[in-house]
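Shown next, in structure tokens, is the structure this report addresses.
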Amino acid sequence: MENFNKEKYNRAKKRVDELKGFYIHSAIYVVINTFILINIYLRSESFWQWEHFITLMAWGIGLLFHASKTFGFNPLLGKEWEERQIQKYMEEDKEEMNKYK
């Protein structure tokens, strides 16, 4: 029973660490990109150029990947896909075993 509780604790701690890492990443993203955009706004004559937003967009894509990993959102390879693959391989193993009966 003690091992079970310790395992539950370790899983919960890992989950909390993942969330904490994502929230820190998000906060740094907001602070740094706000600083960059304010700096560009104050020092540039034309603010609305796409080149000024490259860092924001590229880092934003990375942040989206981090969020999808942290919160388990994966529309292409999600839980349903995993279940289908598991069933598929179980059926293949079953058919393989039936060949030798």
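Take Glu18 and apply the salt bridge (Lys or Arg N to Asp or Glu O under 4.0 Å) test, not counting sequence neighbours, and it matches Arg15. Taking Arg43 as the reference, Asn39 meet the side chain to side chain contact (heavy atoms under 4.5 Å, CB included) condition, with sequence neighbours excluded. Qualifying salt bridge (Lys or Arg N to Asp or Glu O under 4.0 Å) partners for Asp17, counting only residues two or more places apart in sequence or in other chains: Lys13. A search for salt bridge (Lys or Arg N to Asp or Glu O under 4.0 Å) contacts involving Arg84 returns nothing, not counting sequence neighbours.
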List, one per line, each side-chain donor-acceptor pair under 3.5 Å for residues 45-58, sequence neighbours excluded.
unit_1: Ser46; atom_1: OG; unit_2: Gln49; atom_2: NE2; d: 2.5
unit_1: His52; atom_1: ND1; unit_2: Phe47; atom_2: O; d: 2.8

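Cluster membership for Leu42 and Ile40, using ILVMFWY side-chain heavy atoms within less than 4.5 angstrom, is shared. By the criterion of side-chain heavy atoms lying less than 4.5 angstrom apart, applied directly or through intervening Ile, Leu, Val, Met, Phe, Trp or Tyr residues, Val31 is not grouped with Leu63; the two fall into different hydrophobic clusters. Under the 4.5 Å side-chain contact rule for hydrophobic residues, Tyr89 and Ile86 do not share a cluster. Hydrophobic cluster membership differs between Leu19 and Leu64, with clusters built from Ile, Leu, Val, Met, Phe, Trp and Tyr side chains linked at under 4.5 angstrom. Residues Ile24 and Ile32 share a hydrophobic cluster, clusters being chains of Ile/Leu/Val/Met/Phe/Trp/Tyr side chains in contact below 4.5 Å.
Side chains of Lys8 and Arg11 form a contact here, defined as non-hydrogen atoms less than 4.5 Å apart.
Residue Asn98 holds its CG atom at 9.5 Å from CD of Glu91, rounded to the nearest 0.5 Å. Within the model, atoms CE of Met90 and CG of Asp93 stand 8.5 Å from one another, a figure rounded to the nearest 0.5 Å. If you take OG1 on Thr34 and OH on Tyr41, they are separated by 15.0 Å, rounding to the nearest 0.5 Å.
Side chain of Ser68 to main chain of Phe65: a donor-acceptor pair is present (N/O by atom type, distance under 3.5 Å, no hydrogens or angles).
Residue pairs meeting the side chain to side chain donor-acceptor pair (under 3.5 Å) criterion with at least one member in residues 22-31, sequence neighbours excluded: His25-Trp59, His25-His66.
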